[in-house]
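Residue numbers start from 1 in every chain, and the chains themselves are labelled A, B, ... in the order their sequence lines are given, proteins ahead of strands.
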Amino acid sequence: MPLAKRANSKTNGKHIKSEDSSDDDNVPLAKKVKLEKKPTKKRPAPKVENSSDDEKPLAKVRKDIKKVPKVKAEDEKKVVKKQTEKVEEDEAEAQYKWWEQGNDDDGSTKWNELEHNGVLFPPAYEPHGIKMKYDGKPISLSPEAEEVASFFAALIETDHGKNPVFQKNFFADWQEILKKDDKNPKITDFEKCDFRPMFEHFELEKERKKQLTKAEKQEEKTKVEEPYLYAIVDGRKEKVGNFRIEPPGLFRGRGDHPKTGRLKHRVMPEQVTLNLGENAPIPKPLPGHKWGGVVHIHEATWLASWKENINGTIKYVFLAATSSWKGQSDMQKFEKARELKKHVNRIRKDYRQQLNDKLMETRQRATAMYLIDVLALRAGNEKGDDEADTVGCCSLRYEHVTLEPPNTLVFDFLGKDSIRYHNSVTVDPQVFKNIKIFKKQVGPDNMIFDRLTTMSLNKHLGSYMKGLTAKVFRTYNASHTFQEQLDKLTRESDSVHDKLLSYNRANREVAILCNHQRSVSKNHGQMIAKIEDKIRAMKYQRKRLRRQIIQLDPKMKKSKMEEMQAESDLEDEWIEEHQKDLLVKEREKITTKFEKNNEKLVSEGQAALPEKELKEKLKAVDEMEKEMKKEKQTGKIELKPNASIDKLLAQITKLDERIKATKNQALDKEEGKETALSTSKLNYIDPRISALWCKKHNVPVEKVFSKTLRDKFQWAMEVDDDWKF
DNA sequence: GGATCTACTTAGAAAGAGAAGG
DNA sequence: CCTTCTCTTTCTAAGTAGATCC
């Protein structure tokens, strides 16, 4: 598959041929263009660190550390001292209220003394001995081969397990493992493998686990994990986030990832580097093992790191989201986005003007900025060909944008996580013109912004405001949109319930802007059908009520006719079905109640009630059935003795409301079926907007933030009333 | 000045827990 | 009370972006 290519020689040294002559003619091209095609990125084969028996890696890491720029010693000391004093004063109070201590003048973060207990390693693999089949016959596998087979077996019913690339990659890696022990059978054909016995074993295990009570599940876990949950950071006790090292398994790459299904190795202590305070005790590795290294990088927040074997990327153990380091940087992120408010008008004015700049590079940059600002696209770093082919703004290719004159652009590409971005947008005519020109210049398969990189774009943005990058626009526009929508939708007179509806609507606007999706749940259709049935049932009730009114006072007929008409979706067939259903359900209800009662009586040593009793009870339903038949024949409904028009009307009003509410619920579910609100809430919307809104409108915060979110956003909970995003 | 490395945030899937419905 | 549906939490992949290397 051809990777994104930068400009080829076709465009080199030429002038932009304007698509329409009314456009500024002959825009000179930017100086020279790099001619080389993007070289295929070939990552050097990851050095296999075999550190178990020599000191090299450790020494190596130590050397590296010397290169880490030293934080000015004074600053460092100052902070340490300040925080230590505070801790001594009142440890509990100081623990989480870092935001009241004020920030450092230069806004930088300094990480100080760090001690922690350690990183939890999983125990080695324990074979289960369940025999899978090959060519129809049960086979025995070495423990290692059994483990890898189990990884796959657990997934055979999932999309991953059915994905041919996943299967191929798994099979190749599994064969390598099989070869390691010559007692393993020769397995050469994936098609002949039957993993089902193992799969079923795991399903059973799952069931068994489910049966355990809450307490049983908790107890063992908490006991083992207890020592690993917290780290002491600058004297504060902070929660550790992902303290469990990632267990071995099959790499579950998203989208068309060429490496999906490959075996992810078990990580051993020798591969792990710890980052902690110079004076902190070094936690003990597994018996018989040693750590890959111990470092003291004060300006990093990670506690431990290791290199993962699939893509050669570094994985980290960080503090939890509730920690001060994470909270601090979260707050800084939103403060930066708020600072953009002061500059955004100028920036917008500039890029609009530069949309027809003579310099190609500038014009591309302006166009990209427009897209990032208006559509909240991601920056779009370039990717290698050993990853899924996904793009962002700067890496958009020819085929990702189509032109619909006069000025509509249709975007259709796979973004982060291979989530489809499909959007038809009417844009500024000059943006349309530009895309048309760029596309013509670069040709199919090539990147539209061939003179632009995320680096150059961010460098430019940085000239407007310190620390401004493409991603700040997403944060800014998300929070801004949320505040705007929330203000627009919230009615002071609304109930808490309705206010929450508005809150979620505003949230959804943001999620749509950011294209946050979720897969439609398997039984969504079923669920909607159920709700629709419920609505119909209520309509049927309402229809009967109206009939009764007419029976009571035939003069009402005329005025009610129109409304009756509106219920045309209540077909006779459906009504009949519905009535039958009602009867069946009623009978079931009575029967199960009767049986349960009998079981109870028997267990208490009493005699069960005779079958006759049940028949007696069921007679009431027979009665109902008769009445329904009669109703159908005569078209008359048996009126209750105390029926009155007023009462019936009141019932109708109530039903109307319920129908409306249920309809809303259905609409809400349908609209939200593929939009995930959580991501924007967690990462893009300044939590202070929510905190203030709750306060102002008397909505309890726990209605909008779950426990974890409240903990994460603790820094944002107390805001001045006049604060605005 | 691009490629690579590193460190961090952002993302949806999957697992788990809790609430609602029968 | 048990099952089913829904919301929350956990997990780790996949981005962004700065620093460093060459």
- prompt: Is the backbone of A/Asp686 close enough, under 3.5 Å, to the side chain of A/Ser479 for a donor and an acceptor to pair up by distance?
  reply: yes
- request: Could you state the atom-to-atom distance from CD of A/Glu674 to C1' of B/dG12 in whole Å?
  value: 14 Å
message: Measuring only between side-chain heavy atoms, which start at C-beta, is A/Ile512 closer than 4.5 Å to A/Thr675?
response: yes
message: Distance check needed: B/dC8 P versus A/Tyr316 OH, whole Å only.
response: 7 Å
statement: When rounded to whole Å, the NZ to C1' distance for the pair A/Lys712 and B/dT10 reads 9 Å
message: Any side-chain N or O of A/Thr679 below 4.0 angstrom from OP1/OP2 of B/dG12?
response: yes
message: Under 4.0 Å, counting only non-hydrogen atoms across every strand here, what does A/Leu682 touch: a base, just sugar-phosphate, or nothing?
response: nothing
task: For the pair A/Phe705 and A/Phe713, name the ring-plane relationship: parallel under 30°, tilted 30 to 60°, perpendicular over 60°.
output: tilted
- prompt: Within this structure, what is the NE2-to-C1' distance between A/His460 and C/dA17, rounded to whole angstrom?
  reply: 17 Å
A/Thr469-A/Asn458 side chain donor-acceptor pair, cut-off 3.5 Å: no
message: Heavy-atom nearest nucleotide on DNA chain B for A/Ser519 versus A/Asn683: which residue maps closer to 5'?
response: A/Asn683
- request: Assess the pair A/Tyr503 and A/Phe482: is the distance between their ring centroids shorter than 6.0 Å?
  value: yes
- request: For the side chain of A/Ile297, starting at C-beta, report the closest nucleotide among B/dA7, B/dG12, B/dT9.
  value: B/dA7
- prompt: Between A/Asn311 and A/Asp386, is any side-chain donor less than 3.5 angstrom from a side-chain acceptor?
  reply: no
- prompt: Does OP1 or OP2 of B/dC8 have a side-chain N or O of A/Thr301 closer than 4.0 Å?
  reply: yes
query: Do A/Tyr421 and A/His400 have ring centres separated by under 6.0 Å?
result: no
message: Could you tell me how far apart A/Asn458 (CG) and B/dC8 (P) are, to the nearest whole angstrom?
response: 18 Å
Value in whole Å for how far the P atom of B/dG16 lies from NZ of A/Lys206: 9 Å
message: Before we go on, tell me: are the rings of A/His422 and A/Phe413 under 6.0 Å apart, centre to centre?
response: no
message: Just verifying a value: how many Å separate A/Leu340 CG and A/Met465 CE, rounded to the nearest 0.5 Å?
response: 5.5 Å
- prompt: Does A/Lys326 put a side-chain nitrogen or oxygen below 4.0 Å from OP1 or OP2 of B/dT9?
  reply: yes
- prompt: Do A/Thr313 and A/Glu308 have side-chain N/O donor and acceptor atoms under 3.5 Å apart?
  reply: yes
Whole-Å distance separating the CE atom of A/Met331 from the P atom of B/dT9: 14 Å
N/O-N/O pairs, protein side and nucleotides 3-8 of chain C side, under 3.5 Å:
residue, atom, partner, partner atom, Å
C/dT6, OP1, A/Lys669, NZ, 3.4

- prompt: In whole angstrom, what separates A/Leu461's CG from C/dA17's C1'?
  reply: 12 Å
- prompt: How do A/Ile314 and A/Arg474 order along DNA chain B: which one's closest nucleotide is nearer the 5' end?
  reply: A/Ile314
Could you list all N or O pairs between the protein and nucleotides 11-15 of chain C that sit under 3.5 Å apart?
residue, atom, partner, partner atom, Å
C/dC11, OP1, A/Arg244, NE, 3.3
C/dC11, OP1, A/Arg244, NH2, 3.3
C/dA13, OP1, A/Lys264, NZ, 3.0
C/dA13, OP2, A/Lys315, NZ, 2.3
C/dA14, OP1, A/Arg254, N, 2.6
C/dG15, OP1, A/Thr390, OG1, 2.9
C/dG15, OP1, A/Asp417, N, 3.0
C/dG15, OP2, A/Lys383, NZ, 2.4

task: Would you indicate what A/Phe318 reaches in the nucleic acid, counting non-hydrogen atoms under 4.0 angstrom: base, sugar-phosphate, or nothing?
output: base
